[in-house]
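This report concerns only the one structure given below.
We're numbering straight along the sequence, starting at 1. Numbering of ligands and ligand atoms starts at 1, following listing order.
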Amino acid sequence: MSNHSTNSNNLDLSNPFTLKNGTTIKNRLFKSAMSEQLGTKAHNPTRGLATLYKTWAEGGLGLSITGNIMVDRGALGEPKNVVLDEKSDLAPFREWAKAGTANGTHLWTQLNHPGKQIPNFICDEPVAPSAIALENGLEKGFNKPRALAENEILEIIQKFATAAELAKTAGFTGVQIHGAHGYLVSQFLSPRHNQRNDQWGGSLENRMRFVLAVYHAIREKVGKDFPIGIKLNSADFMRGGFTEEDSMEVVKALAEAGIDLIEISGGTYESPSMVGHKMKPTTQKREAYFLEYAEKVRSLIDTPLVVTGGFRSADGMVTALRSGATDFIGLARPLAVDPDLPNKLMTDATHSIELRPLTTGVKLVDKMAMLDITWYEFQLARMAQKKAPKPDMSEWSTFFKTLLGAGVYSFRKRRA
Ligand SMILES: Cc1cc2nc3c(=O)[nH]c(=O)nc-3n(C[C@H](O)[C@H](O)[C@H](O)COP(=O)(O)O)c2cc1C
């Protein structure tokens, strides 16, 4: 493949990349999913989503991933999620896809089922592979799930496939399975959360049956040329959870099955390392949280990779590309503050963006307000209204606006 014969010492962020199925992405800058919470009451996309993704497309991104879209109307992770199923109105999805693919940008939908990571103000009894409650202080905000029956597992697999088919019909240029951050796919993979003793649990081979079935069901509906990616945890960072060794085996199986792109992240609601919590200072210094893991994956498979989490400078990104560990640079929070960042990074090798630590100065308020999410969501909402992001938006104003806008429920624990 031409990408792999390129001398990696000369690679740049602006170089195109061709996936194995022949799809060319115009550069190496990848927008990672950020849940926008911009769905209507009927869980269709609001117009603001088209505005937001057009802004990002104009900012120079090569490949953009939507915030997580739910495949099951009965299982929302957040109140204003978008849902894609037979009941969806495809017209606003078409508008969103058209706007977000401007400027030659690829726009893929991230498809998700939250499993038990549903706050208890949304759902009394969520479903999961096994009836095991979340821990680490989440007991109050999340109800204990019930274990899925086998016919329900099969139905959910089909819901992923239906959502993917509809995404293709609406004009999105690919899909990404959300296999990370402790949601249903990741719950199946984890021996901590999946203690089933049927063909869907137990051995790693059984635990990965669900993700592989989701992949194959989607592939059957969208055909061989439509890109399918996955966001996968390098590990859950929880005792008894999904380990790096497990993850390597899953990556190998997905590569063999023909997945087009693997995005590497990590963590769950119980241990949120996807946004850099509890990272060693040396890891934070080299910017990317999961680069070491990607280097190991690289030696096992030749499926294209994206590493997401922590990238802030053109220099750090180019170094990661040239190290050969990743093909794309995944960015989330920086793009919520500067949608033009890709253009700046590609034209100025010294460009970097600093994201200040968010705090009100009162620990309890910080925890309640989940500033790491809500502050960024407000920036997305501004862009959806054609306003520029406001990097100096105060943490207290985020707190009060969230309180006024959605009431006390919005402070219940949730994380993307
Ligand atoms: C507001 C917000 C919403 C997010 N929503 C999602 C999501 O829907 N799906 C997902 O896979 N990751 C989600 N994430 C995680 C990001 O994709 C990314 O993995 C993480 O923020 C680390 O990358 P960064 O350091 O570039 O921000 C979200 C992050 C933020 C800040």
Any idea which atoms of ligand 1 are less than 4.0 Å away from a heavy-atom of Gly309?
22 (C), 23 (O), 25 (O)

Suppose I only count heavy atoms of Leu331 and a 4.0 Å limit; which atoms of ligand 1 are within that range?
26 (O)

Salt-bridge test for Asp327 and Arg298: reply yes if a basic N is under 4.0 Å from a carboxylate O, no otherwise.
yes

Using a strict cut-off of less than 4.0 Å between a Lys/Arg side-chain nitrogen and an Asp/Glu carboxylate oxygen, indicate whether Asp260 and Lys224 qualify as a salt bridge.
no

Are any of the N/O atoms on Asp372, whether in the backbone or the side chain, positioned under 3.5 angstrom from an N/O atom of ligand 1?
no

Which is closest to atom 14 (N) of ligand 1 by heavy-atom distance: Gly330, Ala33, Ala332, Ala288?
Ala33

Can you tell which of Glu78, Glu36, His178 gets a heavy atom nearest to atom 10 (C) of ligand 1?
His178

Only counting residues at least two apart or in another chain, list the ones meeting ring-ring contact (aromatic ring centres under 6.0 Å, His included) with Phe242.
none

Under a 3.5 Å cutoff, is there a donor and acceptor pairing between the side chains of Lys231 and Ser32?
yes

Looking at Asn68, which atoms of ligand 1 are within less than 4.0 Å of one of its heavy atoms?
8 (O)

Are Leu261 and Ile230 close enough that some pair of their side-chain heavy atoms sits under 4.5 Å apart?
no

Do Asn15 and Asp12 have side-chain N/O donor and acceptor atoms under 3.5 Å apart?
no

Is it the side chain (CB and beyond), the backbone, both or neither of Lys231 that lies under 4.0 Å from ligand 1, heavy atoms counted?
side chain

Do you know which of Leu138, Asn136, Asn233, Leu134 makes side-chain contact (heavy atoms from CB on, under 4.5 Å) with Thr268?
Asn233

Arg312 heavy atoms within 4.0 Å reach ligand 1 at atoms 24 (P), 25 (O), 26 (O)

Which one holds for Pro334 and ligand 1: side chain close, backbone close, both close, or neither close, with close meaning a heavy atom under 4.0 Å?
side chain

Check the orientation of Phe400 and Trp396. Use parallel for under 30°, tilted for 30 to 60°, and perpendicular for over 60°.
parallel

Provide the number and element of each atom of ligand 1 under 4.0 Å from a heavy atom of Thr308.
18 (C), 19 (O), 23 (O)

Enumerated ligand 1 atoms positioned under 4.0 Å from heavy atoms of Ser35
3 (C), 4 (C), 5 (N), 6 (C), 7 (C), 8 (O)

Hey, is ligand 1 close enough to Tyr376 that some N/O pair sits below 3.5 Å?
no

Under 4.0 Å from a heavy atom of His181: which atoms of ligand 1 are those, numbered in the order shown and with their elements?
10 (C), 11 (O), 12 (N), 15 (C), 19 (O)

Should the pair Glu86-Arg73 be classified as a salt bridge under the 4.0 Å nitrogen-to-oxygen rule?
no

Those atoms of ligand 1 less than 4.0 Å from some heavy atom in Ser32:
17 (O)

